[in-house]
Amino acid sequence: MTAPPILANELLQRLPRTEIQIIRPKLELVPLPLHAVLSAAGKRIEYGYFINSGLASILTVLKSGKIVEVGLSGAEGFVGLPLVAGLKSSGGRVIVQVAGTAFRITAREFALALRRCPVLQQRLHRYTHEVASQAAQIAACNRLHNSRQRLARWLLMSQDRMKGPSVNLTQEFLAHMLGMRRASVSVALGHLHRAGMVTYVRGRTEITDRARLEATACECYATINGWRRLWLRESR
């Protein structure tokens with residue numbers, strides 16, 4: 001007999017038994033391949049995704065085709081947040097940045113289940129606020145802080161969401177995500193490497209001194225985490 005998949009998504013963990021019994025049969029564990037598009041700007045949302053492992057980037061896409069990352073979502077989150085407000089289309093693009101898995105649910109089943117799951121609904125409202133606050137803070141970060149600070153903040157946020165020390169991404173992809181030139185990413189990554197905070201080999205970055213990396217990151221990392229901890233306490 002096959003064991004049920006481990007439920008690592010924080011929004012789904014420790015739900016009341018009645019709510020788990022309502023939502024769990026509607027969930028399908030699916031792989032999240034690298035660079036898969038989970039949500040596209042202006043398109044109808046067919047599915048919501050409770051991420052179980054891996055990492056997704058929340059992107060703003062300009063008419064020129066340029067993209068910039070405004071948020072990250074991992075096992076703490078949900079992709080398809082407009083569905084929580086009863087909306088049907090997405091205002092941005094969400095892509096898989098690090099391959100993993102997710103519990104997928106159709107938009108229709110999600111709407112029906114949410115009406116009967118007040119605890120899950122409250123968690124999703126809180127998470128929607130977290131994502132909005134994260135986007136606002138990252139906008140300020142991209143405008144005001146240097147490439148070294150921004151890269152340190154991004155690496156820490158990614159590690160928090162993946163629960164592991166390493167991230168597999170090329171410098172070119174990092175440049176797209178951070179809205180920086182590739183040369184700037186290379187210089188910033190080189191500094192962090194020489195200072196002994198990270199290692200970087202063939203697109204794989206590993207954090208080796210988290211305390212020093214936190215000290216190097218701008219205030220945005222601590223601010224984002226601080227608000228999240230506060231809202232978690234308040235929601236309980």
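Side-chain contact between Tyr47 and Val30 is absent, with no heavy-atom pair separated by less than 4.5 Å. Contact of the Ile138 side chain with the Val68 side chain is not registered, since no non-hydrogen atoms from C-beta on lie closer than 4.5 Å. The shortest distance between side-chain heavy atoms of Glu10 and Tyr127 does not fall below 4.5 Å. In this structure, the side chains of Val94 and Ser57 stay at 4.5 Å or more apart for every pair of heavy atoms.
The hydrophobic clustering, which links ILVMFWY residues whose side-chain heavy atoms are closer than 4.5 Å, places Leu32 and Leu55 apart. Note: the hydrophobic cluster containing Leu169 does not contain Val187 (ILVMFWY, side chain heavy atoms under 4.5 Å, direct or indirect links). Under a hydrophobic-cluster definition in which Ile, Leu, Val, Met, Phe, Trp and Tyr are linked whenever side-chain heavy atoms come within less than 4.5 Å, directly or via other members, Ile45 and Val70 are assigned to the same cluster. Criterion: ILVMFWY side-chain heavy atoms under 4.5 Å apart, direct or through other members. Under it, Leu81 and Ile58 are part of a common hydrophobic cluster. Hydrophobic clustering of Ile, Leu, Val, Met, Phe, Trp and Tyr side chains at less than 4.5 Å, counting indirect connections, unites Ile23 with Leu29.
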Could you walk me through whether Ser90 and Ser39 pass the side-chain hydrogen bond (donor to acceptor under 3.5 Å, both in side chains) check? CA-CA 7 Å; Ser90 174; Ser39 182; 2.9 Å; yes
Go through the steps to decide whether Trp227 and Gln137 satisfy the test side-chain hydrogen bond (donor to acceptor under 3.5 Å, both in side chains), and finish with yes or no. CA-CA 11 Å; Trp227 285 118; Gln137 193 71 38; 5.3 Å; no
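At a threshold of 4.0 Å, the pair Glu28-Arg104 counts as salt-bridged, since one of the basic side-chain nitrogens sits closer than that to a carboxylate oxygen.
The line from OG1 of Thr199 to CG of Leu192 is 11.0 Å long, rounded to the nearest 0.5 Å. Atom CG of Leu156 sits about 5.0 Å away from atom CZ of Arg210, to the nearest 0.5 Å.
Within the 3.5 Å criterion, the main-chain N or O of Leu112 finds no donor-acceptor partner in the side chain of Arg116. Of the possible polar contacts, none joining the Ser186 side chain to the Arg182 backbone as a donor-acceptor pair under 3.5 Å is found. Within the 3.5 Å criterion, the main-chain N or O of Ile6 finds a donor-acceptor partner in the side chain of Asn52.
Contact between Leu11 and Arg126 at its shortest, heavy atoms only, is CD2-NH2, 4.0 Å.
Aromatic ring orientation, Phe78 versus Phe50: tilted (interplanar angle from 30° to 60°).
Among Leu15, Leu120, Val119, the single residue meeting the side-chain contact (heavy atoms from CB on, under 4.5 Å) criterion with Ile20 is Leu15.
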